[in-house]
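Structure, as structure tokens:
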Amino acid sequence: MTLKIYSFGGGQMVEAMLRAALKKEVITPETAGVTDISIDRVNYLTDTYHIQASQQPDWTAVENADLVILGVRPQDNWQEIMKELVAHHYQKDVLSIIAGVTVTQLSSQEDLFAITRIIPNTLTDVAMGYSGVVKNDRANQTVIEDFLNSFGKVDYIDESLLDVFTGYGVAGPNYIYNFLISFTNAGVLAGMPRQQANKLALENLRAAAAFVEQSGKHPAELLDINNSAGGVGITAQHELDKSSFSAGIENAVLAAVKRTKELGKQNKGD
Ligand SMILES: NC(=O)C1=CN([C@@H]2O[C@H](COP(=O)(O)OP(=O)(O)OC[C@H]3O[C@@H](n4cnc5c(N)ncnc54)[C@H](OP(=O)(O)O)[C@@H]3O)[C@@H](O)[C@H]2O)C=CC1
Ligand SMILES: O=C(O)[C@@H]1CCC=N1
């Protein structure tokens, strides 16, 4: 089924979702509309993907859409967009990707909308990574699933966990990229050429993840296998244990979750 979608906001995240959905042919350039207040984004999206982009909303396209996406930032005027949707009698599915803003905040007083809230993972281009999804009773599962499945894996969760999902799971690639950079730099610091260090770091990351998954063992058990008595691995382990390695990651995740909550509270939509 080809979906007709319309997005308010055509920034980085919407672009990544649309690129994946176009690739999977869940949408086509003719059935994908976007409005963005930035003329540069409008021109870029039109030139790159040949989708229907404009600075002012195309209300005919909105009214014909199966799914409207709210792709703006929490700080943007998403309340006005919701008011306009009510004024234009749009009553089908709304998919919000706005971090921190709840289904209740998005719902109109008349409770007109079928709302799905999703925190998309940025690993859309490789069709991996879990997006956290919360939906109200009205949401049309078929329409949403076709679209969501085109850019990764879907995890339906309780809304009370969505901010944690955002700061931990969706910001997840950030922590991994940081680890990869530090690990590669460590190899270079020890004297290895950067290209080779990069190759080894990536292979270790991929293989260690596969080993944990395929063995079904706790990573601590696998650590034991890698650490001979008085050897190399346990010497490295001792330094890691003395460092703020674990606390650094834990604190970063807590800060990201806190920031997600703050962003939602700053703009309540009252
Ligand atoms: N990037 C990510 O990794 C993820 C982002 N998200 C969420 O996705 C949303 C978008 O993030 P991201 O794509 O990174 O942000 P961007 O800043 O790249 O995109 C937002 C776009 O919306 C435009 N815009 C602002 N207000 C309006 C409006 N009223 N009508 C039309 N367009 C408007 C902005 O224009 P201008 O810049 O000129 O203001 C900008 O081009 C956020 O709510 C974020 O929380 C969720 C998960 C992951
Ligand atoms: O920084 C952001 O807005 C998004 C939300 C989670 C990860 N990145």
Side-chain angles (χ1 to χ4, degrees), residues 5-20 32-46 48-49 51-59 61-62 65 68-85 87-88 90 94-103 105-106 115-126 128-134 148 151-155 157 161-178 252-269:
I5 60 146
Y6 197 89
S7 179
F8 287 81
Q12 299 305 321
M13 195 65 241
V14 166
E15 180 188 350
M17 289 159 64
L18 296 187
R19 184 167 54 231
V34 176
T35 180
D36 197 289
I37 52 176
S38 156
I39 188 63
D40 290 342
R41 287 302 291 173
V42 167
N43 290 338
Y44 167 79
L45 292 169
T46 309
T48 312
Y49 303 102
I51 57 179
Q52 316 304 305
S54 55
Q55 241 181 328
Q56 292 301 322
D58 175 349
W59 288 107
V62 173
V68 158
I69 299 170
L70 298 178
V72 297
R73 293 162 299 230
Q75 308 89 315
D76 294 328
N77 196 351
W78 50 265
Q79 298 92 330
E80 189 56 34
I81 298 170
M82 298 309 281
K83 278 186 200 150
E84 288 286 329
L85 287 174
H88 285 83
Y90 180 82
V94 173
L95 180 74
S96 167
I97 67 167
I98 309 175
V101 178
T102 65
V103 169
Q105 284 171 260
L106 291 167
I115 294 180
T116 301
R117 221 189 123 190
I118 162 182
I119 299 299
N121 200 295
T122 51
L123 298 170
T124 42
D125 282 318
V126 287
M128 287 168 81
Y130 279 106
S131 296
V133 183
V134 173
L148 299 188
F151 55 84
K153 300 176 182 172
V154 175
D155 205 356
I157 58 173
L161 264 186
L162 203 59
D163 290 344
V164 175
F165 198 99
T166 307
Y168 172 65
V170 174
N174 292 20
Y175 312 120
I176 306 297
Y177 296 144
N178 269 285
V253 168
L254 292 185
V257 172
K258 184 166 171 261
R259 181 64 184 147
T260 309
K261 290 184 193 300
E262 279 168 10
L263 284 170
K265 283 196 188 112
Q266 266 170 25
N267 201 349
K268 287 189 169 156

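Note that ligands are numbered from 1 as they come in the structure, with each ligand's atoms numbered from 1 the same way.
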Atom 15 (O) of ligand 1: of Arg73, Gln55, Glu84, the nearest heavy atom sits on Arg73

Shortest non-hydrogen pair, Thr124 vs Ala16, comes out as OG1-CB, 3.3 Å

heavy-atom search around atom 5 (C) of ligand 2 in the protein gives Thr166 CG2, 4.0 Å

In ligand 1, the atoms that come under 4.0 Å of a heavy atom of Gly71 are 9 (C), 10 (C), 20 (C)

Looking only at distances, please establish whether an N/O atom of ligand 1 is found under 3.5 Å from an N/O atom of Ile119. no

>> Any nitrogen or oxygen of Gln12, side chain or backbone, less than 3.5 Å from one on ligand 1?
In response: yes

Looking at Ile81, Val14, Ile97, the heavy atom closest to atom 44 (C) of ligand 1 belongs to Ile97

Other residues, nucleotides and ligands only: do more than 12 of their heavy atoms fall within 6.0 Å of CD on Gln56?
no

Here the pair of heavy atoms bringing Tyr130 nearest to Asp155 is CD2-CB, 3.9 Å

Here the atoms of ligand 1 under 4.0 Å from any heavy atom belonging to Ala99 are 43 (O), 45 (O)

### Message
Strictly inside 4.0 angstrom of atom 2 (C) of ligand 2, do you find any protein heavy atom?
### Response
no

Worksheet item: Should Asp36 be counted as touching ligand 1, given the test is an N or O pair under 3.5 Å?
Response: yes

Near Pro120 (heavy-atom distance under 4.0 Å), the atoms of ligand 1 are 46 (C), 47 (C), 48 (C)

Ser38 heavy atoms within 4.0 Å reach ligand 1 at atoms 38 (O)

Quick note on ligand 1: atoms under 4.0 Å from a heavy atom of Gly9 include exactly 22 (O), 31 (C), 32 (N)

Under 4.0 Å from one or more heavy atoms of Thr35, ligand 1 contributes atoms 31 (C), 32 (N)

Note: Thr122, heavy atoms under 4.0 Å from ligand 1, region reported as side chain

Whether Trp59 and Phe8 hold their rings parallel, tilted or perpendicular, with breakpoints at 30° and 60°: tilted

Of all protein heavy atoms, the one nearest atom 13 (O) of ligand 1 is Met13 N, 2.8 Å

Note: Arg41, heavy atoms under 4.0 Å from ligand 1, region reported as side chain

shortest atom 24 (N) of ligand 1-to-protein heavy-atom contact is with Ile37 CG1, 3.6 Å

For atom 43 (O) of ligand 1, the closest protein heavy atom turns out to be Val72 O, 2.7 Å

Ranked by distance from atom 25 (C) of ligand 1, the top protein heavy atom is Asp76 OD2, 3.2 Å

